[in-house]
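Shown next, in structure tokens, is the structure this report addresses.
Given the structure is predicted, the values throughout are model-derived calculations rather than measurements.
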Amino acid sequence: MIRKRYRQLSNFIDLWIIKIIIPFLLTLLLIIAPVLATETASVSIDGRTVFEVGKTEQFSAQERAELINLRLRQIVLSQKPVEVEIEELNKSPTIIINQQYLLTVTQADVVNNNTLQEQAEQWVTELDDVLNQARRERSAEFIQKSLLLGIVLLFIAFIFHQVLGWLWKRCRQEVVKRLPPSPEEVEIDSSSSTALNLLFNFTLLGARIWLWVSAILYITNLLPISRIWSYRLANQLVQTLTSPIFTLGASQYSIIYLFFLLGLMLGLMIVAGAVTNILRSRILQFTGIDRGAQEAIAVITKYTIIIVGSIVLLQVGGLDLSSLTILASALGVGIGFGFQDIAKNFGSGVILLFERPIQVGDFVQVGDTEGTVERIGGRSTLLRTLDEISIIVPNSRFLEDKVVNWSYQNPVSRLRIPVGVAYGSDINLVKKALLEAVESQAGVLANPVPNILFIGFGDSSLNFVLMVWTSTPSRQYLIKSNVYFRIEELFRKYQIKIPFPQRDLHVRYGNLPSGLSPDSEESIRELSQQNNSKYGENLDKQ
């Protein structure tokens with residue numbers, strides 16, 4: 001019961017916090033609009049912009065707008081009937097609301113080549129409409145309808161949120177099908193696959209952000225109070241996100257520019273992975289080059305595309321790479337201290353690709369790990385063991401430790417199979433049985449021919465070594481097992497005994513220790529004589 005409740009709570013957190021609240025917060029961060037450095041400020045009522053005013057000799061545009069907004073807010077909250085009119089004061093049209101001064105129209109306020117009087121009349125009409133609408137929106141009936149509509153819109157937005165996830169999943173499957181496939185024996189490039197996943201997740205997040213931004217902004221615009229806060233928050237975010245957060249050289253960079261640059265980088269990684277797969281599966285596969293050389297060329301091509309493409313993108317984006325000199329120096333110090341292992345493994349990977357002491361498809365042993373090389377990456381190498389377990393080995397180990405490469409240059413290797421037989425066995429019959437054991441054995445080559453060496457006399461056996469050749473060293477343990485099964489079967493057939501360790505125990509007696517009773521001494525002598533007589537009988541039988 002507790003686990004079920006915990007699972008329900010986790011699902012609730014995942015649904016509402018991770019999938020809705022976090023995308024919504026990121027949505028607010030991505031609300032942007034070009035902010036132009038103008039000399040006007042907006043006059044608004046309940047978050048609706050009515051018109052813009054300019055500066056005067058006494059006040060800036062922002063100060064005038066704040067004073068006008070304060071007076072309009074007081075008029076709206078009073079809930080009195082609105083009467084807007086124009087009066088001529090100091091030879092300038094002045095807008096009066098409910099017998100209270102609002103503003104004087106100046107030449108800095110005129111737009112579209114209007115006269116001062118025409119501009120004042122236009123503003124009076126707009127103010128009258130907006131103020132009356134603000135009064136209607138504060139009625140109880142309007143608030144109830146707006147709340148009900150907001151709930152319905154949230155439910156619809158949630159449905160579209162789930163539909164977008166399903167649609168993006170289907171689109172990703174179709175894109176993966178249309179991408180150039182990798183060869184069956186080579187794994188899909190993990191970095192390009194990761195970049196593709198990141199790009200789809202990024203675009204899905206953007207679509208969901210747009211969905212929730214549209215829904216939230218529409219809902220907040222239904223009520224005057226929420227509209228005011230939405231207007232203020234949007235203006236603040238626009239000013240924050242479009243403002244440069246740092247400067248490199250003569251270029252300034254904002255948050256939205258960094259998001260755009262990140263999307264381009266992800267796209268570059270996907271393109272590099274696609275080009276690498278095309279090169280590997282459509283070109284290199286038909287050149288006759290061995291698999292290791294194909295993989296080396298593909299990896300070098302991929303990193304070249306990524307490095308050159310990154311430089312081009314940064315240059316097109318206005319980033320002067322010479323301004324990164326200090327950053328590169330600091331990064332070099334960081335690599336020297338904190339990232340030395342990463343740098344060492346990356347450098348080792350480059351050496352492995354060029355010197356090729358190991359190649360993709362080789363059966364190698366490094367330390368206690370044996371397996372087939374599946375992929376040589378920039379930082380690590382993937383080995384597939386005989387138990388079909390993937391082991392990721394840092395590249396530096398292949399240069400620092402002793403590495404046994406069974407497939408280097410020539411995959412044909414010799415296997416040594418030690419065999420011992422009992423003393424007295426016919427060694428010619430033993431040789432015949434061992435040669436017969438490897439005949440037609442799967443994995444054992446007929447040429448070079450198998451060979452048998454008599455390596456010496458052991459404590460309990462005559463020791464031989466059966467040496468066979470194989471072109472599949474990764475199957476050596478299976479080959480040895482099959483040969484041993486066959487040897488045991490043939491030894492039974494030819495009645496060749498397999499020895500086991502034998503130990504002889506000799507009991508010597510003479511003067512017994514003093515202090516023993518006569519009865520004890522007599523019992524020990526009788527027991528010793530019985531053992532010696534049994535040992536002599538066994539020798540006679542043999």
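- Remark: E88 CD is packed, more than 12 non-hydrogen atoms of other residues, nucleotides or ligands lying under 6.0 Å away.
- Distance check: S146 OG to I151 CD1 gives 11.5 Å after rounding to the nearest 0.5 Å.
- When all heavy atoms are compared, the tightest approach of P93 to Q117 is CB-OE1, 3.8 Å.
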- Message: One pair to check against side chain to side chain contact (heavy atoms under 4.5 Å, CB included): I216 and L154. What are the steps and the verdict?
- Response: CA-CA 8 Å; I216 296 300; L154 283 176; 4.3 Å; yes
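- Screening L313, I307, I306, V312 against S310 for a side-chain contact (heavy atoms from CB on, under 4.5 Å) leaves a single residue, I306.
- Between the side chain of Q119 and the backbone N or O of V111 there is at least one donor-acceptor pair closer than 3.5 Å.
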- Query: Can T104 and L89 be said to form a side chain to side chain contact (heavy atoms under 4.5 Å, CB included), step by step?
  - Reply: CA-CA 8 Å; T104 299; L89 297 176; 5.8 Å; no
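- Looking at N405, its side chain never comes within 3.5 Å of a backbone N or O of D362 through a donor-acceptor pair.
- Distance check, rounded to the nearest 0.5 Å: CD1 of I156 to CG of L149 gives 8.5 Å.
- Listed by chain and number, the residues in a side-chain hydrogen bond (donor to acceptor under 3.5 Å, both in side chains) with D109 are R64, T106 (sequence neighbours excluded).
- Heavy atoms of other residues, nucleotides or ligands lying less than 6.0 angstrom from CZ of F142 number more than 12.
- Nearest heavy-atom pair, V403 versus F398, reported as atom, atom and distance to 0.1 Å: CG2-O, 3.6 Å.
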- Item | Stepwise side chain to side chain contact (heavy atoms under 4.5 Å, CB included) test for Q99 and E85 | CA-CA 9 Å; Q99 305 302 320; E85 54 187 2; 3.5 Å; yes
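- The distance from the CD1 atom of I45 to the CG atom of L72 is 4.5 Å, given to the nearest 0.5 Å.
- For the pair L70 and R73, the minimum side-chain heavy-atom distance is below 4.5 Å.
- Distance CD1/I159 to CG/L164: 12.0 Å, rounded to 0.5 Å.
- The backbone N or O of D128 sits less than 3.5 Å from a side-chain atom of N132, completing a donor-acceptor pair.
- The backbone N or O of V43 lies less than 3.5 Å from no partner atom in the side chain of N69, so there is not a single donor-acceptor pair.
- Scanning both residues, A157 and L211, for their nearest heavy atoms gives O-CD2, 3.4 Å.
- Distance alone, capped at 3.5 Å, places no donor-acceptor pair between the R384 side chain and the E374 backbone.
- Side-chain contact between P357 and L352 is present, with heavy atoms from C-beta onward closer than 4.5 Å.
- The environment of I392 atom CD1 is sparse: at most 12 non-hydrogen atoms of other residues, nucleotides or ligands sit within 6.0 angstrom.
- Taking every heavy atom of both residues into account, S348 and S396 meet most closely at OG-CA, 3.4 Å.
- In this structure, N114 contributes its side chain and V110 its backbone to no donor-acceptor pair below 3.5 Å.
- Side chain of R208 to backbone of H161: a donor-acceptor contact under 3.5 angstrom is found.
- Scanning for ring-ring contact (aromatic ring centres under 6.0 Å, His included) contacts around F51 gives W123, with sequence neighbours left out.
- Looking at L383 and V366, their side chains come closer than 4.5 Å, going by heavy atoms from C-beta outward.
- Using a 4.5 Å cut-off on side-chain heavy atoms (C-beta onward), V360 and R375 make no contact.
- Nearest approach of I305 to A272, heavy atoms of both residues: CG2-CB, 3.9 Å.
- The CD1 atom of I75 lies 11.5 Å from the CD atom of E83; values are rounded to the nearest 0.5 Å.
- By the salt bridge (Lys or Arg N to Asp or Glu O under 4.0 Å) test, D401 pairs with R397, sequence neighbours left out.
- Between atom OG1 of residue T203 and atom CH2 of residue W210 there is a gap of 14.5 Å, rounded to the nearest 0.5 Å.
- The environment of Y101 atom OH is dense: over 12 non-hydrogen atoms of other residues, nucleotides or ligands sit within 6.0 angstrom.
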- Step by step, would you call L103 with R71 a side chain to side chain contact (heavy atoms under 4.5 Å, CB included)? CA-CA 10 Å; L103 81 153; R71 293 168 186 167; 5.5 Å; no
